[in-house]
Asks: 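One structure is given below, represented as structure tokens, and several questions about it will come after.
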Amino acid sequence: MISHRLQFSVPPGFSFWRTVYSHGWCALPPFSIQKESGTFSRILSLEDEVPAECIMRDAGNKIIVLARSQFPLTGDQKARIKHQLKACLRLDEEMSEFYAEAQRSPRFRWIPKAGAGRMLRAPTVFEDVVKMICTTNCSWSLTEVMVQNLTTQLGKGFEDGKYSFPTPDAIAGKSDAFLRKNIRSGYRSPYLLELAENVASGRLDLESWRSSPDATTDLFKTVKSVKGMGDYAAGNILKLLGRYDYLGLDSWVRSRFYHLHTNGRKVRDTTIEKHYAPLGKFRGLFFWLEMTRHWYQRKFPF
DNA sequence: GCGTCCAGGTCTACC
DNA sequence: GGTAGACCTGGACGC
């Protein structure tokens with residue numbers, strides 16, 4: 001195995017660990033956290049699906065990456081690795097307007113101070129959508145099982161039981177019965193197959209969503225046109241596309257809202273939506289950060 | 001160990 | 001547009 005030391009700078013106020021722990025993606029492979037060494041890793045796919053392990057370390061105004069691969073990396077491959085990692089950490093996202101909005105209310109001034117607000121995402125929209133479908137209508141532990149099975153059974157092996165995330169082709173080449181039995185994705189299996197087949201064939205260009213010029217309401221409808229993506233899943237995929245107009249409610253955030261705002265009393269979803277409506281186009285992000293603020297008190301909240 | 005019940009979003013059929 | 005029932009799994013619970 002050959003190691004390369006890479007690095008890239010981060011914007012002022014950027015918080016590596018607050019971005020890593022922005023939501024549960026950091027705990028799903030091919031992402032992984034090494035608490036003992038204080039590093040965050042990712043198995044990336046290079047061209048021809050050759051996997052490379054990228055071990056990231058926070059160094060203040062920059063991120064230092066130890067990239068490990070079976071072959072010496074070319075300059076072009078190193079550049080692509082940095083590009084993918086920066087996309088995952090949302091370093092391409094301009095946060096000044098959101099932080100200015102947060103500064104206007106004492107309730108949210110902790111956000112820019114904590115360097116919070118960048119939500120970790122996968123290198124590809126395809127991976128984000130597959131994982132989001134795997135979070136629907138099940139416990140988090142089952143989501144972990146499904147994603148683990150997808151990587152170990154359909155991804156490319158690296159070493160020590162580490163695998164890349166499967167390509168659309170790799171999933172599309174399997175049967176419904178295989179997904180149900182081996183991935184444990186149950187009734188979601190036909191949704192995953194249809195998605196993978198449409199992306200693999202070129203009929204569906206998910207990656208264009210990150211640069212879509214469409215209005216957010218139209219993009220929301222486009223996301224929901226994917227089988228298996230309802231209001232919750234589409235609202236949260238939009239957050240990973242840099243659009244924060246939807247709350248993406250599920251049972252966990254609802255119970256957090258009841259705990260924080262209604263003394264535990266259940267209220268309608270429309271009541272929650274009205275509560276955040278005055279916060280405009282960033283309401284989905286304010287909502288998520290408020291629900292998860294308790295995570296920001298520890299370096300490793302879970 | 002086995003059976004039953006329930007929670008968790010989305011889809012489809014129906015009104 | 002709103003709603004009921006089905007989908008599938010894992011965990012909790014009772015026996």
Side-chain angles (χ1 to χ4, degrees), chain A residues 23-25 27-29 119 121-122 125-154 166 168 171-172 174-199 203-204 206 209 216-241 243-260 262 264-277 283-284 287-288 291-292 295 302:
Chain A
H23 63 125
W25 262 207
L28 296 177
M119 296 189 70
R121 67 184 177 189
V125 178
F126 174 71
E127 181 180 326
D128 281 331
V129 171
V130 168
K131 284 178 169 173
M132 199 62 76
I133 289 174
C134 291
T135 68
T136 57
N137 201 27
C138 65
S139 61
W140 180 252
S141 60
L142 181 55
T143 297
E144 290 179 311
V145 167
M146 287 186 263
V147 175
Q148 181 75 33
N149 288 337
L150 280 168
T151 55
T152 57
Q153 300 194 40
L154 299 176
I171 297 176
K174 293 296 172 186
S175 66
D176 180 87
F178 176 90
L179 294 186
R180 287 174 189 266
K181 184 169 182 284
N182 297 70
I183 308 300
R184 311 298 297 163
S185 45
Y187 71 92
R188 301 165 197 80
S189 303
Y191 304 154
L192 295 176
L193 271 182
E194 185 179 314
L195 171 71
E197 285 165 0
N198 284 336
V199 173
R203 287 191 295 271
L204 180 60
L206 294 182
W209 289 358
T216 305
T217 47
D218 292 334
L219 192 54
F220 184 69
K221 285 179 196 160
T222 302
V223 175
K224 277 190 69 175
S225 71
V226 172
K227 280 268 184 67
M229 301 289 288
D231 286 349
Y232 148 80
N236 283 303
I237 279 296
L238 282 186
K239 291 175 191 165
L240 303 184
L241 299 173
R243 316 276 192 121
Y244 305 105
D245 306 57
Y246 293 86
L247 303 188
L249 298 173
D250 67 3
S251 58
W252 186 81
V253 285
R254 285 191 190 97
S255 68
R256 286 291 302 159
F257 180 86
Y258 305 150
H259 173 71
L260 293 171
T262 63
R265 184 175 54 88
K266 287 187 179 180
V267 294
R268 293 171 189 271
D269 287 353
T270 49
T271 304
I272 303 177
E273 282 157 9
K274 277 180 193 165
H275 184 95
Y276 290 93
R283 59 188 178 276
F287 168 66
W288 177 251
M291 297 305 103
T292 58
W295 290 356
F302 52 83

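All chains are named by letter (A, B, ...) in the order of the sequence lines, taking the proteins before the strands, and each is independently numbered beginning at 1. In this text, all values refer to a predicted model and were calculated from it rather than measured experimentally.
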Asks: When the distance from CH2 of W140(A) to P of dG11(C) is rounded to whole Å, what number comes out?
Replies: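 It works out to 15 Å between those atoms.
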Asks: I need the CG-P distance between L179(A) and dT9(C), as an integer number of Å.
Replies: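 Interatomic distance, CG of L179(A) to P of dT9(C): 12 Å.
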Asks: Any idea which of dT10(B), dT9(C), dC8(C) is nearest the R184(A) side chain?
Replies: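 Of the options given, the side chain of R184(A) lies nearest dT9(C).
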Asks: Under 4.0 Å: is that the gap between some side-chain N or O of S141(A) and OP1 or OP2 of dG10(C)?
Replies: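 Answer no for this pair, as no side-chain N or O of S141(A) is under 4.0 Å from OP1 or OP2.
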Asks: Report the residue from Y244(A), Y276(A), Y246(A) that forms a ring-ring contact (aromatic ring centres under 6.0 Å, His included) with F287(A).
Replies: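 That would be Y276(A).
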Asks: Taking the side chain as C-beta and beyond, is there a heavy-atom pair between D128(A) and I237(A) under 4.5 Å?
Replies: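 SC-SC contact between D128(A) and I237(A) confirmed.
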Asks: Give the rounded distance in Å between these two atoms: CG of D269(A) and C1' of dG8(B).
Replies: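 Rounded to the whole Å, the gap is 14 Å.
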Asks: Walk me through it: do R243(A) and T216(A) pass the test side-chain hydrogen bond (donor to acceptor under 3.5 Å, both in side chains)?
Replies: CA-CA 7 Å; R243(A) 316 276 192 121; T216(A) 305; 3.0 Å; yes
Asks: Under 4.0 angstrom, heavy atoms only, what part of the nucleic acid is S139(A) near: base, sugar-phosphate, or nothing?
Replies: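 Nothing: the residue S139(A), judged by heavy atoms under 4.0 Å, touches no strand.
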Asks: With a 6.0 Å cut-off (strictly less than), is the heavy-atom count around CZ of R268(A), excluding the residue itself, greater than 12?
Replies: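 Open: at most 12 neighbouring heavy atoms sit under 6.0 Å from CZ of R268(A).
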Asks: Please confirm whether the shortest side-chain N or O distance from S185(A) to OP1 or OP2 of dC8(C) is below 4.0 Å.
Replies: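 Checking S185(A) against dC8(C): no side-chain N or O falls below 4.0 Å of OP1 or OP2.
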Asks: Starting from P on dC8(C), measure out to CE on M146(A) and report it in whole angstrom.
Replies: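 Interatomic distance, CE of M146(A) to P of dC8(C): 13 Å.
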Asks: State which of dG8(B), dG9(B), dG10(C) makes the closest approach to the side chain of C138(A).
Replies: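 Minimum distance to the C138(A) side chain belongs to dG8(B).
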Asks: I need the OH-P distance between Y191(A) and dT10(B), as an integer number of Å.
Replies: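 Result: 10 Å.
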Asks: In whole angstrom, give the distance that lies between atom CG of D176(A) and atom P of dC7(C).
Replies: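 For the pair D176(A) CG and dC7(C) P, the rounded distance is 14 Å.
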Asks: Could you tell me how far apart K227(A) (NZ) and dG9(B) (C1') are, to the nearest whole angstrom?
Replies: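 In whole Å, dG9(B) C1' and K227(A) NZ are 15 Å from each other.
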Asks: Does any donor-acceptor pair link the side chain of Y187(A) with the base of dG9(B) at a separation under 3.5 Å?
Replies: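 Looking at the base of dG9(B), it does pair with a donor or acceptor on the side chain of Y187(A) (distance under 3.5 Å).
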Asks: Can you check whether R188(A) has a side-chain N or O nearer than 4.0 Å to OP1 or OP2 of dC7(C)?
Replies: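 No, R188(A) has no side-chain N/O under 4.0 Å of OP1/OP2 on dC7(C).
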Asks: Rounded to whole Å, how long is the line connecting atom CD of E144(A) with atom P of dT9(C)?
Replies: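 Rounded to the whole Å, the gap is 18 Å.
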Asks: Would you please classify the geometry between the W295(A) ring and the W288(A) ring as parallel, tilted or perpendicular, with 30° and 60° separating the classes?
Replies: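 Perpendicular, since the angle between the ring planes exceeds 60°.
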Asks: Using the side-chain heavy atoms of R180(A), tell me which of these nucleotides is nearest: dC8(C), dG10(C), dG9(B).
Replies: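 Of the options given, the side chain of R180(A) lies nearest dC8(C).
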